[in-house]
Amino acid sequence: MSIPLIIGLISLLLILIIGYSVIIQYRQRLESAKQQELAKQVAIIDATEELISNASHLPYSKELLVCLNKRILYALETIAEVDTKDRSLKQRIHHVNEQISHLETHFDQTTVVPFQVPNSDRQAIGMLQLVKRLKSVMKGEHGKGRIATQAYVLENTRLDNMQLRINIENVVKRANDARLKRQFGTAKQLLKKGIDVLSSRNDTYATKAQQKLQYMLNEIDNNMSVSSEQERQQLLDKDNDELDVLFQPKRKW
């Protein structure tokens, strides 16, 4: 066998090895990208299902529930495109489609959980975080063109109002707790902060809430004035008693 032929065979073998290595790496990259995409969509589904499960903590509208369920639907459809071997996806997609159709045609407003006033700072923070997540999801879905602009604006406004109400109701609770502890300065700071926030808004809730907070603030001021007057009178009476003792007539023995 001639040397050129041997060199040629060796070169061909190297080319085949390199080519095989490139193909393996390409397939590995495809598989890695596939797994990343699947993990991403599964995370979207899990997070969205968690948001839906919190409908017992906040009043969810029909538009919001439809948006969340469609988000799950789009994620399932993406998974089905990436992983064509998973036959269970077809049934899941069908189930979510039925759920969306039911919400769009048979949504019962009377079943919506009414707004619940937070009974602690921890609960208020949890509710605010939930609203923030919902707003983020709505914004993302609107950015992808999955929700109409008008519907998005209305729902975002509703969530903004809910966020405001959670904050204000928590301010009222904290101010009342401070009053019971006779921490009037803290109570006044909370109420003034709430009034400042409400003063920039012009709707029925903001007007009523501002009046309520102003009434509480006036009540604290009046109580502090009465308390100061009582303390002043007590000090005056004490001084008079001391003077009476000092200048009382001396007894003759």
Side-chain angles (χ1 to χ4, degrees), residues 34-170 173 203 205:
K34 173 184 174 181
Q35 294 303 322
Q36 288 178 3
E37 183 63 26
L38 290 175
K40 175 184 175 182
Q41 299 305 321
V42 169
I44 289 174
I45 293 172
D46 290 343
T48 308
E49 288 178 341
E50 182 188 354
L51 289 175
I52 293 175
S53 69
N54 279 296
S56 59
H57 299 142
L58 288 176
Y60 281 27
S61 66
K62 180 180 78 172
E63 290 73 19
L64 179 58
L65 287 171
V66 168
C67 177
L68 292 174
N69 277 277
K70 282 186 175 181
R71 190 172 189 242
I72 293 175
L73 175 62
Y74 297 137
L76 288 172
E77 290 176 342
T78 300
I79 292 175
E81 292 175 1
V82 175
D83 187 4
T84 57
K85 296 180 181 179
D86 191 344
R87 297 181 179 180
S88 65
L89 290 170
K90 185 176 180 180
Q91 181 61 31
R92 291 184 67 185
I93 290 173
H94 176 71
H95 174 74
V96 176
N97 269 317
E98 284 187 336
Q99 179 68 18
I100 293 171
S101 297
H102 180 78
L103 285 169
E104 289 178 333
T105 56
H106 298 94
F107 182 78
D108 187 359
Q109 186 66 39
T110 60
T111 62
V112 176
V113 174
F115 178 83
Q116 300 175 5
V117 176
N119 53 30
S120 67
D121 286 346
R122 182 176 180 180
Q123 185 178 10
I125 291 172
M127 293 170 72
L128 290 171
Q129 289 176 340
L130 177 56
V131 173
K132 185 178 180 179
R133 289 174 62 193
L134 290 170
K135 289 178 66 177
S136 177
V137 168
M138 293 293 291
K139 183 178 180 180
E141 295 302 291
H142 176 253
K144 296 174 183 176
R146 296 174 178 175
I147 179 173
T149 299
Q150 184 177 2
Y152 166 71
V153 171
L154 290 173
E155 186 60 27
N156 195 60
T157 300
R158 194 182 73 85
L159 291 172
D160 277 340
N161 291 337
M162 195 182 302
Q163 194 171 19
L164 173 69
R165 189 171 182 183
I166 294 168
N167 278 316
I168 295 302
E169 295 298 336
N170 192 46
K173 180 189 177 302
D203 55 70
Y205 172 76

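This chain uses plain numbering: 1 for the first residue, then up along the sequence.
K173 approaches S120 most closely through the heavy-atom pair CE-N, 3.9 Å. The heavy-atom pair separating P118 from M127 by the smallest distance is CB-SD, 3.9 Å. Of all heavy-atom pairs spanning V113 and A55, the tightest one is CG2-O, 3.6 Å.
Not counting sequence neighbours, the partners of I125 by the side-chain contact (heavy atoms from CB on, under 4.5 Å) test are Q129. Scored by the side chain to side chain donor-acceptor pair (under 3.5 Å) test, Q35 finds E31 as partners (sequence neighbours excluded). Qualifying salt bridge (Lys or Arg N to Asp or Glu O under 4.0 Å) partners for D160, counting only residues two or more places apart in sequence or in other chains: K135. For S56, the side chain to side chain donor-acceptor pair (under 3.5 Å) test picks out no residue, with sequence neighbours left out. The side-chain contact (heavy atoms from CB on, under 4.5 Å) test applied to L128 returns Q163, I166, N167, not counting sequence neighbours. The side chain to side chain donor-acceptor pair (under 3.5 Å) search around R146 returns E141, not counting sequence neighbours. By the ring pair (Phe, Tyr, Trp, His ring centres under 6.0 Å) test, Y152 pairs with H142, sequence neighbours left out. Every residue two or more places apart in sequence or in another chain that forms a side-chain contact (heavy atoms from CB on, under 4.5 Å) with N54 is listed here: E50, H57, Y60, L130. The side-chain contact (heavy atoms from CB on, under 4.5 Å) check on V153 picks up T149, T157, with sequence neighbours excluded.
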Just distance, no hydrogens or angles: give the donor-acceptor pairs under 3.5 Å from side chains in residues 96-104, sequence neighbours left out.
residue : atom : partner : partner atom : Å
N97     : ND2  : I93     : O            : 3.3
E98     : OE2  : H94     : NE2          : 3.1
S101    : OG   : N97     : O            : 3.1

Side-chain atoms of residues 63-74: list all donor-acceptor pairs with protein atoms under 3.5 Å, sequence neighbours left out, distances to 0.1 Å.
residue : atom : partner : partner atom : Å
N69     : ND2  : L65     : O            : 2.8
R71     : NH1  : T48     : OG1          : 2.7

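Taking CD1 of I45 as the reference point, atom CZ of R92 lies at 5.0 Å (rounded to 0.5 Å). M138 CE to L154 CG: the interatomic distance, rounded to the nearest 0.5 Å, is 9.5 Å. Atom OG1 in T105 sits 8.5 Å away from atom NZ in K62 (nearest 0.5 Å). Here R133 contributes atom CZ and L51 contributes atom CG; the two are 4.5 Å apart, rounded to the nearest 0.5 Å. Taking CG of L89 as the start and CD of E77 as the end, the distance is 10.5 Å to the nearest 0.5 Å. Rounding to the nearest 0.5 angstrom, the gap separating the OG1 atom in T78 from the CD atom in Q41 is 4.5 Å.
Applying the salt bridge (Lys or Arg N to Asp or Glu O under 4.0 Å) test to pairs two or more places apart or on separate chains, none has a residue in residues 35-49.
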